[in-house]
Asker: 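Would you mind keeping the following structure in view while I ask a few things?
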Amino acid sequence: MIKADVTCPHCGAGFRRIELSSVPGTKGEYRCPVCDVGLELLDGSKLVAYRLTIQPSIRGLNK
Ligand SMILES: [Zn+2]
């Protein structure tokens with residue numbers, strides 16, 4: 001299991017990314033739930049899970 005911290009380059013939200021190379025995942029794209037920017041293309045060969053850990057500042061989004 002690989003754990004990493006990822007930051008959305010658009011809104012600054014922080015995520016914990018967990019990768020399980022021994023488990024097949026879903027093919028598709030993970031998008032930031034805050035601003036809908038694509039963060040990673042998933043080929044389905046492994047399971048990748050994201051959890052939002054740092055909410056971006058509301059002030060930053062409304063400028
Ligand atoms: Zn974002």
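Whatever order the structure lists ligands and atoms in, that order sets their numbers, starting from 1.
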Asker: Give every donor-acceptor pair under 3.5 Å between a side-chain atom in residues 2-9 and any protein atom, sequence neighbours left out.
Answerer:
| unit_1 | atom_1 | unit_2 | atom_2 | d |
| --- | --- | --- | --- | --- |
| Asp5 | OD1 | Arg16 | NE | 2.8 |
| Asp5 | OD1 | Arg16 | NH2 | 3.1 |

Asker: For residues Pro56 and Gly12, report the shortest heavy-atom separation together with the two atoms involved.
Answerer: CB-C, 4.3 Å

Asker: The criterion is side chain to side chain donor-acceptor pair (under 3.5 Å); which residues satisfy it with Glu19, sequence neighbours excluded?
Answerer: Arg17

Asker: Say whether Tyr50 and Leu52 are linked into one hydrophobic cluster, either directly or through other cluster members, by side-chain heavy-atom distances under 4.5 angstrom.
Answerer: yes

Asker: Take the Zn ion (ligand 1) and tell me which protein N, O or S atoms are nearer than 2.8 Å.
Answerer: Cys8 SG, Cys11 SG, Cys32 SG, Cys35 SG

Asker: Using a 3.5 Å cut-off and no angle test, enumerate the donor-acceptor pairs between side-chain atoms of residues 20-38 and protein atoms at least two apart in sequence or in another chain.
Answerer:
| unit_1 | atom_1 | unit_2 | atom_2 | d |
| --- | --- | --- | --- | --- |
| Glu29 | OE1 | Arg31 | NH2 | 3.4 |
| Arg31 | NH1 | Asp36 | O | 2.8 |

Asker: Transitively linked via ILVMFWY side-chain contacts under 4.5 Å: Met1 with Leu47?
Answerer: yes

